[in-house]
Amino acid sequence: MKNTLKSIIATGKLVRSQLFYCLFLFLGLAILNDAIIIPVFRLATTLILQMAAIPLISYQNIITILTAHPFAMPFMLLELIALLLVIYFEFALMLWFIKDLRHGSLKDLKAQFKAAFKNFHPTSLPLLLLYTLVILPFASGIL
């Protein structure tokens with residue numbers, strides 16, 4: 001218990017000493033999501049749905065979409081894979097940042113992006129999809 005408390009206090013001191021860098025990374029990711037990533041994916045989804053003449057997508061009409069609009073599904077799957085890749089790289093970037101912060105050697109963002117790309121494994125995407133599907137219902141209940 002004492003070691004855990006000491007570790008939490010030490011991490012808190014480290015975060016406070018690197019507060020500007022922490023704020024820059026997390027606020028930068030939030031602004032990137034709000035200003036670029038969400039509108040791009042929303043536009044892509046809207047275009048796919050409009051081209052396939054699908055009024056809306058929901059859990060109730062997924063079978064109808066699969067049977068009546070089979071040509072829209074590959075585009076939706078490509079969009080899902082692209083979204084998973086964006087989530088993966090943002091998550092990896094945050095984890096690399098936390099690891100570097102704990103070791104006291106903060107790299108620049110370019111080096112962290114390189115590390116995220118270097119350590120990317122395509123087999124991690126199904127795991128990330130499963131994780132997202134498990135967390136999503138709870139996250140929507142909280143928000």
Side-chain angles (χ1 to χ4, degrees), residues 4-143:
T4 305
L5 188 59
K6 287 180 183 179
S7 175
I8 291 172
I9 291 171
T11 304
K13 287 180 183 177
L14 188 59
V15 167
R16 280 192 301 276
S17 69
Q18 300 294 332
L19 187 61
F20 178 74
Y21 193 69
C22 294
L23 286 175
F24 177 74
L25 179 71
F26 294 121
L27 287 176
L29 285 175
I31 291 169
L32 178 73
N33 285 336
D34 289 342
I36 297 171
I37 293 173
I38 291 172
V40 165
F41 279 103
R42 190 171 286 167
L43 176 68
T45 303
T46 302
L47 289 175
I48 292 169
L49 294 178
Q50 283 179 352
M51 283 194 237
I54 300 170
L56 77 134
I57 188 166
S58 68
Y59 293 121
Q60 287 81 17
N61 68 351
I62 196 75
I63 301 298
T64 307
I65 292 171
L66 286 172
T67 57
H69 306 283
F71 296 113
M73 281 314 286
F75 295 109
M76 287 188 221
L77 288 174
L78 282 174
E79 185 180 7
L80 177 65
I81 290 170
L83 183 61
L84 284 174
L85 286 171
V86 168
I87 292 169
Y88 172 83
F89 286 116
E90 284 187 3
F91 191 64
L93 186 65
M94 282 191 265
L95 289 178
W96 279 104
F97 170 76
I98 291 168
K99 182 185 83 69
D100 289 346
L101 184 66
R102 293 204 61 165
H103 291 166
S105 63
L106 288 175
K107 300 176 188 173
D108 59 347
L109 285 177
K110 187 176 179 181
Q112 288 180 346
F113 274 118
K114 284 182 182 179
F117 279 107
K118 187 175 115 180
N119 294 320
F120 172 70
H121 298 286
T123 57
S124 61
L125 285 180
L127 183 63
L128 182 62
L129 177 64
L130 179 67
Y131 175 76
T132 304
L133 290 176
V134 168
I135 294 298
L136 196 61
F138 300 109
S140 63
I142 294 171
L143 299 175

Task: ring pair (Phe, Tyr, Trp, His ring centres under 6.0 Å) partners of Phe75, counting only residues at least two apart - done: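 By the ring pair (Phe, Tyr, Trp, His ring centres under 6.0 Å) rule, Phe75 matches no residue at all.
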- [ ] Using the side-chain contact (heavy atoms from CB on, under 4.5 Å) rule, take Leu49 and Met76 through it: C-alpha gap first, then chi angles, then the decisive distance, then the call.
- [x] CA-CA 9 Å; Leu49 294 178; Met76 287 188 221; 4.0 Å; yes
Testing the basics here: between [X] and [Y], what is the closest heavy-atom pair and its distance to 0.1 Å?
X: Thr123; Y: Pro126; result: O-CD, 3.2 Å
X: Ala72; Y: Ile54; result: CB-CD1, 4.1 Å
X: Phe26; Y: Met94; result: CE2-SD, 3.4 Å
X: Leu29; Y: Leu93; result: CD2-CD2, 4.1 Å
X: Leu56; Y: Ile65; result: O-CD1, 4.2 Å
X: Pro70; Y: Pro74; result: O-CD, 3.3 Å

Task: Sub-4.5 Å side-chain heavy-atom contact between Glu90 and Ile37 - done: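 Of all side-chain heavy-atom pairs linking Ile37 with Glu90, at least one is under 4.5 Å.
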Open item on the list: Using 0.5 Å steps for rounding, measure from the CE atom of Met73 to the CD1 atom of Ile62.
Closed with: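 Spacing of CE (Met73) from CD1 (Ile62) equals 5.0 Å.
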Open item on the list: For the OG1 atom of Thr46 and the CZ atom of Phe41, what is their distance to the nearest 0.5 Å?
Closed with: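 If I round to the nearest 0.5 Å, the distance is 13.0 Å.
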Open item on the list: Once side chain to side chain contact (heavy atoms under 4.5 Å, CB included) is applied, do any residues pair with Met51, and if so which ones, sequence neighbours excluded?
Closed with: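 Met51 satisfies side chain to side chain contact (heavy atoms under 4.5 Å, CB included) with Leu47 only.
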- [ ] With sequence neighbours excluded, tell me which residues meet side chain to side chain contact (heavy atoms under 4.5 Å, CB included) with Leu78.
- [x]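 For Leu78 there are no side chain to side chain contact (heavy atoms under 4.5 Å, CB included) partners, ignoring immediate neighbours.
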TODO: Keeping the roles fixed (side chain from Asn33, backbone from Ile38), state whether a donor-acceptor pair exists under 3.5 Å.
DONE: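 Not at all, since once roles are kept as given, no pair shorter than 3.5 Å links the two residues.
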